[in-house]
Amino acid sequence: MFVLVAAFVLGLPILLGWGYGLLTLLVFGAAILAVASAWVMRRLSPTAAGRPFALVWSRSLIGWTLVLGVVVAAPFYYLMVVTDTRPATVPQVSLTNGSKRIVFQGMQHIGSERFYQAVIYDVEKALSEGYISYYEGVQTPTPESKAFFEKLSHELVGGSDLSGTYKSIGEVCGMKFQLDYFGLLEADKAEHPKRHLVADVDAIELKAEYDRLMREDPDFAKAHANDFQPKPAANDNAFMLKVMEWLKNGSESQKTLGGVTCRGLFSLNQAAASTTPGRMEPVILDFRNRALAQRIMQSPDDKIFITYGAAHLPGLVAELRKLDPKWAVGSVKWLRTIEAPEHIEGQLRGLEN
């Protein structure tokens, strides 16, 4: 009993952090369970049968309140711990075929401020050493390509504004959106435009590959027969968007707990995401990997720093080795992408106004 009480007390900051409504709902649920358990105890236990129902019920109520409190709070502590003990990471890998050297920096659309600061530092350092910087980003220079990319984005994430979606998720999770930090390179891009290249494909090329697969690959065509069709309300992202909006307008404690939950789920899902292929992988990953590998091989530049989604790395290396078997991995380092935001304060002495 002592352990249960101690665990409940530890969980109180979580329960109260979500608001008194959760605690009220928890006690209400415990009261209902206490009625059932009190009835069973009075039927099975002669000792309980000799006591007033209200007394047996009240003791059951206390027990169920403690149990439900621990059950509700425990997952949040688990997610908090898992973010630190099983951190989400991305690789930075150097490769060479003898004549060219590339550094592939795996990216994540939203991550910690420290992660993006480290990446920007590495990009700047590479530029100072004579590297050309390649960036990810499907291009939409025409109304037709923009229209298809918006349709594709809606199919993938339930909305046409990918940047806005990532930014909103980042706000809820207590993390940052990568484009907010890559904007720091704009001055260098303006001064040295040839050192910076968006190396991704045009959305029209994605459409052409999608159409080809629909014609030539029966399995792909079957899996994507209902693409770009209106989805039932139960299958869209409306609920998630409502939760994000509620958290953005919530109390500070609710925002903090929302961030803990979000970062923990991101950390847990990273491994699953890296092993489970997505429905659009032949278009979103495989096709773009082939295009990037060909661009690298055809480029006159022999030193290239690439910032692309980490999921592209295995396929890109495979495509490079198809074009030149001499491609080999050199050094590898790992960067942590998700961690709780830091808030540090000190005290200034002798500077009082």
Side-chain angles (χ1 to χ4, degrees), residues 1-88 169 171-175 232-272 338-341 343:
M1 188 65 177
F2 172 78
V3 173
L4 188 59
V5 172
F8 179 82
V9 171
L10 288 173
L12 269 179
I14 302 291
L15 302 176
L16 296 175
W18 284 115
Y20 287 102
L22 175 61
L23 196 57
T24 302
L25 185 64
L26 186 146
V27 173
F28 180 74
I32 294 174
L33 291 170
V35 171
S37 60
W39 182 84
V40 171
M41 289 171 66
R42 283 169 55 84
R43 295 273 296 184
L44 299 180
S45 171
T47 302
R51 294 171 178 165
F53 181 85
L55 178 61
V56 179
W57 175 82
S58 62
R59 291 182 176 180
S60 297
L61 172 63
I62 293 172
W64 277 114
T65 301
L66 295 176
V67 169
L68 292 180
V70 172
V71 168
V72 171
F76 294 99
Y77 279 111
Y78 172 72
L79 291 172
M80 190 182 303
V81 170
V82 84
T83 303
D84 286 327
T85 58
R86 294 167 55 184
I169 295 173
E171 290 176 10
V172 170
C173 293
M175 297 192 287
N235 292 334
D236 63 18
N237 292 326
F239 177 74
M240 184 184 74
L241 294 175
K242 287 180 180 178
V243 170
M244 288 196 301
E245 193 62 31
W246 176 74
L247 284 172
K248 283 196 288 186
N249 296 322
S251 66
E252 287 304 313
S253 61
Q254 289 169 344
K255 292 177 182 178
T256 298
L257 290 171
V260 168
T261 304
C262 182
R263 292 189 296 272
L265 291 175
F266 261 94
S267 299
L268 286 174
N269 289 337
Q270 187 194 45
I338 297 175
E339 57 188 331
H343 180 70

Rounded to the nearest 0.5 angstrom, the CG-CH2 distance for L44 and W39 is 8.0 Å
Restricting to non-hydrogen atoms, name the atom on G17 and the atom on S253 that form the minimum distance, rounded to 0.1 Å.
O-OG, 2.7 Å
Euclidean distance, L268 CG relative to T83 OG1, rounded to 0.5 Å:
7.5 Å
Heavy-atom donor-acceptor pair, S37 side chain to A34 backbone, under 3.5 Å:
yes
Student check: side-chain heavy atoms of V71 and V67 closer than 4.5 Å:
yes
Please check if the side chain of R43 supplies one atom and the backbone of A49 the other of a donor-acceptor pair under 3.5 Å.
no
With rounding to the nearest 0.5 Å, note down the distance linking CG in L55 to CZ in R42.
10.0 Å
Nearest heavy atoms of T65 and L61, plus distance in Å:
OG1-O, 2.7 Å
One should read off an interatomic distance between L265 CG and C173 SG, to the nearest 0.5 angstrom, of 8.5 Å
So, do L15 and L26 sit near enough that their side-chain heavy atoms are less than 4.5 Å apart?
yes
CE of M80 to OG1 of T256: how many Å apart, nearest 0.5 Å?
9.5 Å
Only counting residues at least two apart or in another chain, list the ones meeting ring-ring contact (aromatic ring centres under 6.0 Å, His included) with Y77.
none
So, does W57 use its side chain to make a donor-acceptor pair with the main chain of A31 at under 3.5 Å?
yes
If you count every heavy atom of other residues, nucleotides or ligands that lies below 6.0 Å from W64 atom CH2, does the total exceed 12?
no
Taking all non-hydrogen atoms of both residues into account, name the closest pair between F53 and A38 and its distance.
CE1-CB, 3.9 Å
Which pair of non-hydrogen atoms, one from V260 and one from F76, has the smallest distance, and what is that distance?
CG1-O, 3.8 Å
Tightest non-hydrogen contact, residues L16 and L23, listed as CD2-CD2, 3.7 Å
Looking only at non-hydrogen atoms, find the nearest pair between G174 and R263 and report the distance.
CA-NH1, 4.0 Å
V3 side chain near F8 side chain, heavy-atom distance below 4.5 Å:
no
Is the shortest side-chain heavy-atom distance between L68 and L33 below 4.5 Å?
yes
Working for side chain to side chain contact (heavy atoms under 4.5 Å, CB included), residues V72 and I14:
CA-CA 9 Å; V72 171; I14 302 291; 5.7 Å; no
Would you say that F266 contacts I169 through its side chain, given a criterion of any heavy-atom pair below 4.5 Å between the two side chains?
yes
Find out whether M41 and S60 are in side-chain contact, i.e. whether some heavy atom of one side chain is under 4.5 Å from a heavy atom of the other.
yes
Enter the distance from S58:OG to R51:CZ here, rounded to the nearest 0.5 Å.
10.5 Å
